[in-house]
2 protein chains.
Amino acid sequence: MIKLTSAEENYLKAVYHLSEEGKKNVSTNDISAEMKTKPASVSDMLRKLSDKKVIDYRKYYGVNITDEGKKYALQVIRKHRLWEVFLVEKLRFAWDEVHEVAEELEHIKSPILIQRLDEFLGHPKFDPHGDPIPDEFGDVKARPRLPLNVLALNDGGQIVAVKDSSAAFLRYLDKVGAYIGARVKVLDKVEFDGSLEILVDNKKTLFMSKDVAENILVLQQ
Amino acid sequence: MIKLTSAEENYLKAVYHLSEEGKKNVSTNDISAEMKTKPASVSDMLRKLSDKKVIDYRKYYGVNITDEGKKYALQVIRKHRLWEVFLVEKLRFAWDEVHEVAEELEHIKSPILIQRLDEFLGHPKFDPHGDPIPDEFGDVKARPRLPLNVLALNDGGQIVAVKDSSAAFLRYLDKVGAYIGARVKVLDKVEFDGSLEILVDNKKTLFMSKDVAENILVLQQ
DNA sequence: ATATTTTTTTAGTATTGCCTAAACAATATT
DNA sequence: AATATTGTTTAGGCAATACTAAAAAAATAT
């Protein structure tokens, strides 16, 4: 069991996130942009993380997270997301106000605390942004991408892609605030024409035709 | 608004606690013992806290906390104790297992978080050890000391003193685990002879005569 | 193929918070 | 009063994490 400092955990998390989507050899500059530190600081930290065997690091060639590293990153992400659920569901934070506080809470070191928090929250599978919460073994529930119109009434999800990427369609999405990453929930389905009433980002409702909904892909929750 | 690091907050808290009971000119060695650091480290830190005007410090003569310092110390204590209540009441921690985790949680910097946590917990006035929780202005509820036998059924408190301090009486208290600092709760009162059934430290029950109970002073909660 | 630009690393510095060893101040002992 | 003891501070160092400036390597352009 390696010990990681909070700073090390943050860098490891950044490497993990930048490695997603199968990206290989994450660059020093990318990490520096993500972490808002200078590349020189990143180089320092990469050597340390490499010594602790949570990343594979070849100078000038970028880094890849190891299996061991992934485990640590996922536990930090688990903690972050559980705290976000707590803040939103128990302390009535808005879902877009929780990140910074969770960023601090995620570094509290107490396995029993997280286990109990998970229980207390009823073992949630997704955080308030719709991102999946890894379980204690680091397993994340894979979610299918579905067109928005196939969700059942009151089901929700997060917009992750669009099928139609014409300028007109994107302009429309922009206008109504249905960006990639937005959280949506089906409030009503009109049987007659398949049109929908949607709650966007827990803030505003929006009516959309079936044609539009078919072109919005969501990760279901 | 000064900013204090976690380490500074911890030292300030130590100075505050050591200053209680009207003790003046807290010594470097006392702080070093409390903080489990070396006296040399304490000297370093005292200079920093003095620069930030949260303590009055004259070399070789010990320190006194300033009014400003007291405010900061009380806010940290408030956070610590609110988190303890959370851990015990919501996450089912035993009341003697919460200190270390609360020691980390107390340094999370988010005023709104604490305000909401306080609300969520129903504005508790005492932590699981029976210590009072300062309000957002730093005011602490003064609690009357009462003989244990005058508490009502199901009322609880913390033993803070004894009236009779004979060896025989202290030996008895020692035997039954009713030390100064122990948390007690009245489980039953026998009308006939005024004897009591008491829960000690949430762990074991104990029968005591009215004579004994009259000599145990508790801070009511 | 060489020159230029970009990226990355190294070297050296600062700050925080701790340490040890040595110096200094206050107090107790003879 | 002189000395021994205890308590406190200073000096100098170390580890972590950041920085800037400069050097080195890699990538790109001419």
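Distance CG (A/Asn10) to P (D/dA16): 17 Å, rounded to an integer number of Å. Rounded to an integer number of Å, the gap from A/Arg58 CZ to C/dT7 C1' is 15 Å. Look at OH on A/Tyr61: it is 12 Å from P on C/dT9, rounded to the nearest Å.
Crowding of A/Glu119 atom CD: a count of heavy atoms from other residues, nucleotides or ligands under 6.0 Å exceeding 12. Residue-environment remark: NZ (A/Lys185) stays at or below the threshold of 12 foreign heavy atoms within 6.0 Å.
Between A/His80 and the options A/His17, A/His99, A/His107, a ring pair (Phe, Tyr, Trp, His ring centres under 6.0 Å) holds for only A/His99.
Between the side chain of B/Thr66 and the backbone N or O of B/Lys53, at least one donor-acceptor pair lies under 3.5 Å. No donor-acceptor distance shorter than 3.5 angstrom exists from the side chain of B/Arg183 to the backbone of B/Asn202, with no hydrogens or angles considered.
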Result block: side-chain N/O donor-acceptor pairs under 3.5 angstrom for residues 131-138 of chain B, not counting sequence neighbours:
from     : atom 1 : to       : atom 2 : distance (Å)
B/Asp135 : OD1    : B/Phe137 : N      : 2.8
B/Asp135 : OD1    : B/Gly138 : N      : 3.0
B/Asp135 : OD1    : B/Asp139 : N      : 2.9

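Ring geometry for A/Phe86 against A/Trp83 counts as perpendicular: the plane angle is over 60°, on a 0 to 90° scale with 30° as the lower cut.
Contacts with DNA chain C (heavy atom under 4.0 Å) in residues 23-37 of chain B: B/Thr37, listed by number.
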Below 3.5 Å is the cut-off: list the nitrogen or oxygen pairs between protein and nucleotides 10-15 of chain C, distance only.
from   : atom 1 : to      : atom 2 : distance (Å)
C/dT10 : OP1    : A/Lys59 : NZ     : 2.4

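With a 6.0 Å cutoff to the six-membered ring centre and a 45° limit on the axis angle, A/Lys90 counts as a cation-pi contact of A/Phe120.
Among the nucleotides D/dA18, D/dA16, C/dT20, the one closest to any side-chain atom of B/Lys38 is C/dT20.
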